[in-house]
There are 2 protein chains.
Amino acid sequence: MTTEDNILQHARAIFFRKGLAGARMQEIADYAGINKAMLHYYFKTKEQLFEKVFGQAFEVFAGKLAEIFSGDVNLEEMITAYVNHTVDSLTENPGIPVFVMNELSYNPARITQLFAGEEKINLGNFKELVEKKTQGKTDAEALFIDMVALCVYPFVIAPVFTKLLHKTDQQYKHLLQSRKVHVINQILSRL
Amino acid sequence: MTTEDNILQHARAIFFRKGLAGARMQEIADYAGINKAMLHYYFKTKEQLFEKVFGQAFEVFAGKLAEIFSGDVNLEEMITAYVNHTVDSLTENPGIPVFVMNELSYNPARITQLFAGEEKINLGNFKELVEKKTQGKTDAEALFIDMVALCVYPFVIAPVFTKLLHKTDQQYKHLLQSRKVHVINQILSRL
DNA sequence: GTCTATATCGGGATAGAC
DNA sequence: GTCTATCCCGATATAGAC
C-alpha cells in the first residue's frame, strides 16, 4: 500500500468520527504511523486532505446507485438491488451518513461537491416504472423517500436505538441485517 | 429575557450548525451582542456551555414522548400523536438530529447524558397494544423503528433530497408537512 | 454585570537537515 | 521521501478596571 493510501485510510477513520473541525492532524499522523510533516507533504493542507476524503465518501454508493436506477430491470429487482446495496454499503461504512450530513450542516456549499459525483442518478426511470405498475395510485416520490429512510435511518440512529431497545451491539447489527428483507417486503407491498 | 437565556439561544443556533469543535466562542458572543468574557462569566467554559445546550436539545422531544407512549389512549391515537408531535418539533428544530448524532459520533460517552432526560420513555405499552391488536402478526419493534425512520429521516437528509428531487426549499418544507398524514396512513395500514 | 486587554496554549503549517 | 524543530496564528480563558 502506498503512503498516500495509508494516510487516506486513517484520515477517513478520524474524519468520519470527528468531522473536519474536530479532527487533529497529529492524531491522523499517529494512527498512520508517520508524522505531521508527511501529511502536508502529500496533502498540502488539512482542508485538502478532508476534501479528498469527503469526495470519496459517496463514491462507494453513487456509482452503483446510478447503475441500479438506470438498469433495464423490472421494478421488483430494482428495489431489491437498492435495499441490498444500501444496507451492505452502510454495514461496511456506518459512519458515512452522519459524517456527510454534519459537514453539510457546517458548510452547506459543499453539497455541490456531493452531486458532482452522483449527478448521473436519475429517478425518472424508477418513477415511470412505479406509475405504470400501480396505474398512478402510488406516489413514486414518497415511495422512494420511504425506501431510503427505512434503509438508512436505523444506521444513523444506531447508538440511541441500541440503548432504547435494550440490545447488545451484536443484536442490533443482526437487526440491521434482518431489515433487508423486511424493508423490501414493505416497499413491494405498496405496488 | 435574561442574559443567560439570550446566550443559550444563540449558542444553540451556532452549536446546532457547527457542533462543539466547529463553534467559536467569538461568534456566539457576536450573535448574542455581548463579548467573549461574558460567556465565561455565565458558563465557565465552552464545554459547560455546550453541555447545557446538548442536555436541553432532547428535552423538547423527550418529555412529550414519555407522555405519548405511556398515555391511556388507543393505538391509533398514540401513533397519530407521535407522528404529529415529531414532525412539528422537527419543523421548529430541524438541526437537532444531526447535531445529536454528530456529537455522539465524536463522543459516544455522552449518550448517558441523553438518556438521563428520557429514560422514562417506555415502549412496553406500545408493544403490548400492537401485539394485541394484530394478534402477534406484526413485529412491534420493527413497526416502531419504521415509524421513527419515516418521520425523522426526511429532515436529516433535507438538503440532499431537496436537490435530488429538484425542489425549492419551500416545496420541500411543504412535502415534509404533507408526510404527516402519509406516514400515519402507512403505519396504521400495517395493524 | 459588563467591558478591554492580555496571558496561554494547542494545532496547522513550514524550514531545512538527512 | 521522511524526519525534527520551529514558526505563528487563532481561540479559550483570565485579570482587572469600571
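Values reported hereafter were calculated over all heavy atoms of this structure, with side chains retained and with hydrogens, waters and symmetry mates removed. In this text, all values refer to a predicted model and were calculated from it rather than measured experimentally. So you know, we letter chains A, B, ... as the sequences are listed, proteins then strands, and number each from 1.
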Using a cut-off of strictly less than 4.0 Å, decide whether Thr3(B) has a side-chain nitrogen or oxygen near OP1 or OP2 of dT2(C).
-> yes

In whole Å, what is the span from the CD1 atom of Ile34(A) to the P atom of dA13(C)?
-> 15 Å

Measure from CG on Asn6(B) to C1' on dT2(C) and round the result to the nearest Å.
-> 14 Å

Excluding sequence neighbours, so at least two apart, what forms side chain to side chain donor-acceptor pair (under 3.5 Å) with Asn84(B)?
-> none

Gap between atoms CE and P, on Met1(B) and dG1(C) respectively (whole Å) | 16 Å

Give me, pair by pair, the N or O atoms of the protein and of nucleotides 16-18 of chain C that are less than 3.5 Å apart, along with how far apart they are.
none

Given the side-chain rings of Phe50(A) and Phe43(A), with only the six-membered ring counted for Trp, is the space between their centroids under 6.0 Å?
-> no

Grab the CG-P distance between Leu39(A) and dG11(C) for me, whole Å please.
-> 14 Å

Measure from CE on Met38(B) to P on dT4(C) and round the result to the nearest Å.
-> 12 Å

Rounded to whole angstroms, how far apart are NE2 on His40(B) and P on dT4(C)?
-> 16 Å

Between atom OH in Tyr41(A) and atom P in dG1(D), what is the gap in whole Å?
-> 5 Å

Before accepting this row, confirm whether a basic side-chain N of the pair Glu47(A)/Arg110(A) lies closer than 4.0 Å to the acidic partner's carboxylate O.
-> yes

Return the set of residues passing ring-ring contact (aromatic ring centres under 6.0 Å, His included) with Tyr42(A) (not counting sequence neighbours), or none when no residue passes.
-> none

Sugar-phosphate only, base, or nothing, as touched by Tyr42(B) at under 4.0 Å among non-hydrogen atoms | sugar-phosphate

Not counting sequence neighbours, list each pair that qualifies as a salt bridge (charged side-chain N to carboxylate O under 4.0 Å, His left out) and has a residue in residues 89-102 of chain B.
-> none

Any N/O pairs under 3.5 Å between the protein and nucleotides 7-11 of chain D? List them or say none.
from: dA11(D); atom 1: OP1; to: Arg24(B); atom 2: NE; distance (Å): 3.3
from: dA11(D); atom 1: O5'; to: Arg24(B); atom 2: NE; distance (Å): 3.4

Separation of atom CD in Gln26(A) from atom C1' in dT14(C), rounded to whole Å | 15 Å

Distance (rounded to the nearest 0.5 Å) between Phe161(A) CZ and Phe144(B) CZ | 5.0 Å

Are Arg12(B) and Asp5(B) ion-paired here, with the side-chain N under 4.0 Å from a carboxylate O?
-> no

Lys18(B) side-chain N/O to Arg24(B) backbone N/O, donor-acceptor pair under 3.5 Å = no

Salt-bridge contact Arg17(A)-Glu27(A) (side-chain N to carboxylate O under 4.0 Å) | no

Give me the residues of residues 7-17 of chain A where at least one heavy atom lies under 4.0 Å from an atom of DNA chain C, by number, or none.
-> none

State plainly whether the residues Asp139(B) and Arg190(B) are in salt-bridge range, i.e. N to O under 4.0 Å.
-> no

Taking NZ, NE, NH1 and NH2 as the nitrogens, is one of them in Lys180(B) or Asp88(B) under 4.0 Å from a carboxylate oxygen of the other?
-> yes

